[in-house]
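Below is one structure, written out as structure tokens, with a few remarks after it.
Only a predicted model underlies this, so the values are computations on that prediction, with no experimental measurement involved. Just so it is clear: chains get the letters A, B, ... in the order the sequence lines come, proteins before strands, and each one is counted from 1.
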Amino acid sequence: MSEKYDHKVIEKKWQDVWSASGVYSAGENSVKPKKYVLDMFPYPSGDGLHVGHPKGYIATDIYSRMKRMQGFNVLHPMGWDAFGLPAEQYAIKNKVHPRVAVEKNTKRYKEQLSMIGFDYDWSREINTTDPTFYKWTQWIFLKMFKKGLAYESYEPINWCPTCQTGLANEDLEDGKCERCDTPIEKKPMRQWVLRITDYADRMLADIDKLDWPVSIKEAQKNWIGRSEGAEIDFAIEGSEKKITVFTTRLDTLFGATYCVLAPEHKLIDELKESIANWGEVEKYRTETKARTEIERTAEGRDKTGVKIEGVSVINPANNENLPLFVADYVLGHYGTGAVMAVPAHDERDFEFAKKFELSIKRVVAHDIKKIRGVGAILETNTGTFIFQKRDANAPSRPGMISSFGGRPEDGEDELTCLKRELFEELLLKIKDDDAQYIGAFGYKDDGTRNILFHVGGVDTSTLTLMEGESIVEMKVEDALNHEKVTDFVKEALIELTDVKKQSVYLDDGRLINSGQFDGTPNEDAKKKITDFVKGRWVTKYRLKDWVFSRQRYWGEPIPLIHCEKCGVVPVPEEDLPVVLPEVESYEPTGTGESPLAGIPDWVNVPCPNCGDVGKRETNTMPQWAGSSWYYLRFIDPHNTNMLVDKEKEKYWSPVDMYVGGAEHSTRHLIYARFYHKFLYDIGVVNYDEPFNRLQNVGLIIAEDGRKMSKRWGNVVNPDDIVSMYGADTMRLYEMFMGPFGQSVAWSTKSIVGPRRFLERVWRLKEKVSKTEDGLRAEVALHKTIKKVGEDIEEFNFNTAISSLMILLNELEKIETVSKNDFEVLLVLLAPFAPHITEELWRDLGNKNSIHLEPWPIADPAKCVEGEVTVAVQVNGKLRDTIIVSRDTEEDVVKEMALARPGVQKWMEGMVFSKIIVVPNKLINIVIKE
RNA sequence: GCCGGGAUGGCGGAAUUGGUAGACGCACACGACUCAAAAUCGUGCGGGGCAACCCAUGAGAGUUCGAUUCUCUCUCUCGGCACCA
């Protein structure tokens, strides 16, 4: 063993030894408990890895190593996701076959990963482009097809003109192609679509049982976007036809003043005969079609639309006749593509109604019974306030339980007086922000003015006024017309009740102007009115079915055959895989067909059903097909009879720890959960969720704060770092940079910290006693064992490393370090820095690999110091510290603390109040003047 | 706009159930070793003050003997969704 820490020699040496001895292969038929630790497998690009890529792999490596040492049978595999556009585009650009490109890139990736010293079981390596793998990707598709989950659709889909392929909703980012940033066009074409929406409710419900980061769970909930509402029918005047609308606000049905159809709505064509201004309507629809999704949904865009003349609809609630419009603010693909418009309670409808001068009818109002309210009456003749506190639960006169009096002090105006009195009498503090809720109304009575103040809201349907000694109730509308009510009060009333204000009211409240439903809380009214108009209570999802076909070459062929006689016929399972054929040009055709369509030999096959000439489906699957189930194949990668052996699946599934980037939250992780639930339904897997625990890896961004990219020339290559500082240092550094899930900027100058640490560990061996084996740093050691174990479990690698550094600092203070202590340090460090620890471990005379050593267990009794430092506070401020032996009696500690000069100084002239003691931690002396 | 995170020295970041704020590392300064430099080792390192002390965890209130931690209000920031009825 060399005296200098030479990472190049050491790392190569042990990597060779490990791969030759198979220390990391996952055992079959093991009686040990299992741990399936998985990385989101990479897509090998032509650029190779940058230092950010391995971050997650380092984490699973550390985790899986600790689990192995803790006695688990660990499965930690690695493979390649290689179908799809990136590889194909790379191939086109570099004029090689995609397969050749994938082979080359994969080889490079594997070399780079190997240098970092990962514990992958390479005997389980998979590649999604391998026919023995994609045979099963096709097999799953066939199963879905047979269950009716895959269907052919001719609906307009998202088309990327640059990539020349249709895309799924998940492939868009703000209406642009996620890959190339091109605005998406709507294009009607034949597509294969998967009914992922059938699983929306289950995917949503099961999110709660997953141990995943909150942010990902929230993102998935948003993506699925469940909303409950009602579908109701609006009859068309003088026609058998009707318009079905979807709304979550059926409580506002009486306030509907018009209806709107999306430009794509089929009914428009059906109504052509009755539409008086067909030309205008048709023109508007054409214009809409020409707009991209971005243009159409751009924020702040003025509402546009056209009134459909000659057609009107009937509000089922009150039989009112309502005009009908076509407008593109209603989307064809959500709900029913038609809405009832309630401008008083919906911002979009309000905007549209204002522009087209349509009537606005308010049907929900503030509910004072729900809000805290205080009324106050000012009698101007006597200058006295009478306060009345409203309380929804008061028995006799609802809302009035007590009265108080008060009068304005010198120079106070009415509002100031009210505020002060409210505070004094009711301890109700009115902030200035609440002023908008403070209004005043009253009326003239024999030349005097009575004012009634309300704080917190006003019952809009009924108003309480003082009429001499008696209380009179009247409607707001009546009060506005009341001769005795002053203009000042009328203004206040309007302000308070929004009655004439032109604004949208979105809060909850009680119904008004709604016939028999007046006074009903609007939440209750939703169901009541649904029943009343015989609506259907339904659930809608934002999630759309998965557009599953791509008009590109480099993907799994969809295993279907079109036959004139039999229709669409699945390729028999025994004929799988349908191998992707060689083709002269794999560049996209742009015609809506993939390049496969140009190979007659491949396309024309006999129909498996009738034997007539059939044509193969020429679309291919999207990049996400293979990655939606690959984790199952690692369990049984070489099985030629089935996707995965049932027994093996039962043993290894589900994945215990899954690590990858947050960018997959609404694509890969949605797709995989969908696939897994389907496979559960057909009995392939035994549990209905694929990934029990998920950890997000935070990005490593470049030193300049930008994303690492060739384009910016700021890429740091891991090969260089490994060569210069060693794999162990890089591993340590990436884990030490900051919290694992958080993105951090790379800093090459900071790498020296971890490197110095390893060099100090290396040098510590000189101080290790070869003979005696005492336990000199017992407490420090056991604290570290506890901390490192817990931190790795929770993915707090930065603090785990910090605690190892602290232990080293402790050991360095000791003249001769015991062999035992040093070995524990090495074992704890081994998952982080596998090479240097193996070298030092063997140097101590150990015959077996350190990576097969049992993980140490912390003894709780040895984790505590015999002596503790107790903080001494006076009135919560630190004034001194005292060192006492652990669990010293409280009285003794108190006495010691009070005797300290630093404490006495503060007690002079003070009255002693009490002492708070936190055992072994702190003592706080509370004193008063 | 809605939902969910977050804000602590020059920098990355630590802080059990509320209990000595700034662990660990980087950078920096000084010292030792050296002809010198690098490496290494040692000391210091939130701000103010000679000091005693005072002020400091985005801002402001509150609860408490005691708040980075709990409650309320606000600001900024990151992420998801968004003309989704």
Side-chain angles (χ1 to χ4, degrees), chain A residues 174 213-227 229-230 245-250 252 260 262 296-301 303 327-331 333-342 345-349 351-352 431 433 506 540-544 662-663 665-666 696 732-733 736-739 741-754 756-757 759-760 763 790 796 798-809 812 869-881 902 905 913-928:
Chain A
D174 295 327
V214 194
S215 56
I216 304 286
K217 290 186 176 190
E218 284 302 319
Q220 291 216 344
K221 284 181 185 173
N222 284 341
W223 191 263
I224 296 168
R226 178 191 163 97
S227 67
V245 306
F246 172 71
T247 176
T248 57
R249 290 299 305 274
L250 204 60
T252 63
V260 189
R296 180 164 166 180
T297 60
E299 209 179 334
R301 189 178 150 243
K303 293 276 178 293
D328 70 358
Y329 81 91
V330 173
L331 307 174
H333 53 69
Y334 183 77
T336 59
V339 301
M340 65 178 209
V342 186
H345 303 287
D346 181 283
E347 282 183 72
R348 297 150 301 181
D349 298 341
E351 219 180 289
F352 190 83
K431 288 191 205 147
D433 294 357
L506 299 169
K540 298 277 178 195
Y541 296 95
R542 199 207 70 101
L543 182 74
K544 289 179 213 161
E663 68 273 16
S665 55
T666 53
N696 277 135
L732 216 48
Y733 172 63
F736 187 63
M737 289 171 87
Q742 196 174 300
S743 69
V744 243
W746 179 267
S747 162
T748 298
K749 74 176 180 190
S750 296
I751 299 177
V752 294
R756 281 177 194 154
F757 168 70
E759 279 175 4
R760 282 162 56 203
R763 265 179 275 135
E790 287 171 357
N796 296 324
N798 56 334
T799 49
I801 293 167
S802 150
S803 68
L804 286 167
M805 287 171 168
I806 294 169
L807 177 62
L808 177 67
N809 290 345
E812 278 179 334
T869 307
V870 173
V872 182
Q873 295 183 337
V874 178
N875 281 353
K877 294 207 171 187
L878 183 71
R879 296 302 178 196
D880 206 345
T881 57
K905 187 169 69 183
S913 169
K914 61 174 165 174
I915 297 184
I916 285 150
V917 180
V918 183
N920 300 319
K921 266 251 154 87
L922 172 141
I923 170 163
N924 188 12
I925 299 156
V926 186
I927 53 177
K928 282 185 217 149

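Taking the side chain of Val214(A) as heavy atoms from C-beta on, and the options C26(B), G4(B), A85(B), the nearest nucleotide is G4(B). Counting only heavy atoms from C-beta on, Arg879(A) has its side chain closest to C54(B) among G80(B), C54(B), G25(B). Each of U20(B), G25(B), A27(B) was ranked by its minimum atom distance to the side chain of Arg760(A); first place goes to G25(B). Here A85(B) is the nucleotide among C26(B), G19(B), A85(B) with the atom lying nearest to any side-chain atom of Val330(A).
Comparing Lys914(A) and Glu218(A) along RNA chain B, the residue whose closest nucleotide (by nearest heavy atom) sits nearer the 5' end is Glu218(A). Both Lys905(A) and Phe736(A) lie near RNA chain B, and the one whose nearest nucleotide falls closer to the 5' end is Phe736(A).
Residue-level contact check: Val918(A) touches the bases, meaning some heavy atom is under 4.0 Å from a base atom. Residue-level contact check: Thr869(A) touches the bases, meaning some heavy atom is under 4.0 Å from a base atom. Among the protein residues, Thr881(A) comes within range of the nucleic acid bases, having at least one heavy atom under 4.0 Å from a base atom. Within the nucleic acid shown, Gln220(A) has no heavy atom closer than 4.0 Å to any nucleic acid atom. The residue Ile806(A) sits close only to the backbone: its heavy atoms come under 4.0 Å of sugar-phosphate atoms, none of a base. No engagement by Pro213(A) is indicated, since no non-hydrogen atom pair under 4.0 Å with the nucleic acid exists.
The closest donor-acceptor contact from the side chain of Asp346(A) to the backbone of Ala341(A) lies at 3.5 Å or more, if one exists at all. Tyr733(A) contributes no side-chain N or O that, together with a main-chain N or O of Gly753(A), makes up a donor-acceptor pair within less than 3.5 Å. Under the 3.5 Å distance criterion, the side-chain polar atoms of Asp349(A) are matched with a main-chain donor or acceptor of Val342(A).
Side-chain nitrogen and oxygen atoms of Tyr329(A) include none within less than 4.0 Å of the OP1 or OP2 phosphate oxygen of A85(B). In this structure, Thr799(A) does not reach the C24(B) phosphate: none of its side-chain N or O atoms is under 4.0 Å from OP1 or OP2. Dashed line: the shortest gap from a side-chain N or O of Asn696(A) to OP1 or OP2 of G79(B) is not under 4.0 Å. Considering only side-chain N and O atoms, Lys877(A) lies nowhere under 4.0 angstrom from the phosphate OP1 or OP2 of U20(B). Taking only side-chain nitrogens and oxygens, Arg756(A) comes nearer than 4.0 Å to OP1 or OP2 of C26(B).
Nucleotide G80(B) holds its C1' atom 9 Å from the CD1 atom of Ile216(A), rounded to whole Å. The CG-C1' distance, from Asn798(A) to C24(B), rounds to 9 Å in whole Å. Between Tyr733(A) atom OH and G13(B) atom P the separation is 10 Å, expressed in whole Å. Counting to the nearest Å, the P atom of A85(B) and the OH atom of Tyr334(A) are 4 Å from each other. The interatomic distance linking Asp328(A) (CG) with A85(B) (P) rounds to 17 Å, in whole Å. A straight line from CG of Asn796(A) to C1' of G12(B) spans 16 Å, rounded to a whole angstrom. The distance between atom CG of Asn924(A) and atom C1' of G66(B), rounded to the nearest whole Å, is 6 Å. The separation between Glu790(A) atom CD and A15(B) atom P is 12 Å, rounded to whole Å.
With P as the reference atom, C33(B) and G12(B) are 37 Å apart, rounded to whole Å. Nucleotides C83(B) and A7(B) are separated by 31 Å at their P atoms, to the nearest Å. Taking atom P on both U75(B) and C26(B), the two are 40 Å apart, rounded to the nearest angstrom. Across A14(B) and U8(B), the matching P atoms stand 11 Å from one another, rounded to whole Å. Comparing G9(B) with G60(B), their P atoms sit 15 Å apart, to the nearest whole Å. For the P atom pair drawn from G22(B) and G46(B), the interatomic distance equals 10 Å after rounding to whole Å.
For Asn222(A) and C81(B), a side-chain-to-base donor-acceptor distance below 3.5 Å is absent, hydrogens and geometry of angles not being considered. Looking at Lys221(A), its side chain has no donor and acceptor atom pair within 3.5 Å of the base of C3(B).
Shown are Thr881(A), Asp880(A), Leu922(A), Val926(A); of these, the side-chain contact (heavy atoms from CB on, under 4.5 Å) with Gln873(A) is made only by Leu922(A).
Two residues are said to be in side-chain contact when any heavy atoms from C-beta on lie closer than 4.5 Å; Val872(A) and Leu878(A) fail this criterion. Using a 4.5 Å heavy-atom cutoff, the side chains of Phe736(A) and Met805(A) are in contact.
Arg760(A) is linked by a side chain to side chain contact (heavy atoms under 4.5 Å, CB included) to Arg763(A), Leu808(A), Asn809(A), Glu812(A), counting only residues two or more places apart in sequence or in another chain. By the side chain to side chain donor-acceptor pair (under 3.5 Å) test, Glu218(A) pairs with no residue at all, sequence neighbours left out.
Annotated as anti: G31(B), whose O4'-C1'-N torsion sits more than 90° from 0.
For Ile216(A) against Ser665(A), the heavy-atom pair with the smallest separation is CD1-CB, 3.5 Å.
The cationic atom of Lys303(A) (NZ for Lys, CZ for Arg) does not lie both less than 6.0 Å from the six-membered ring centre of Phe352(A) and within 45° of the ring axis.
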Legend entry - Bracket string, RNA chain B, 5' to 3' - pairs by Watson-Crick or G-U geometry under 3.5 Å, | interstrand: (((((((..(((......[....))).(((((.......))))).(((....)))..(((((..]....))))))))))))....
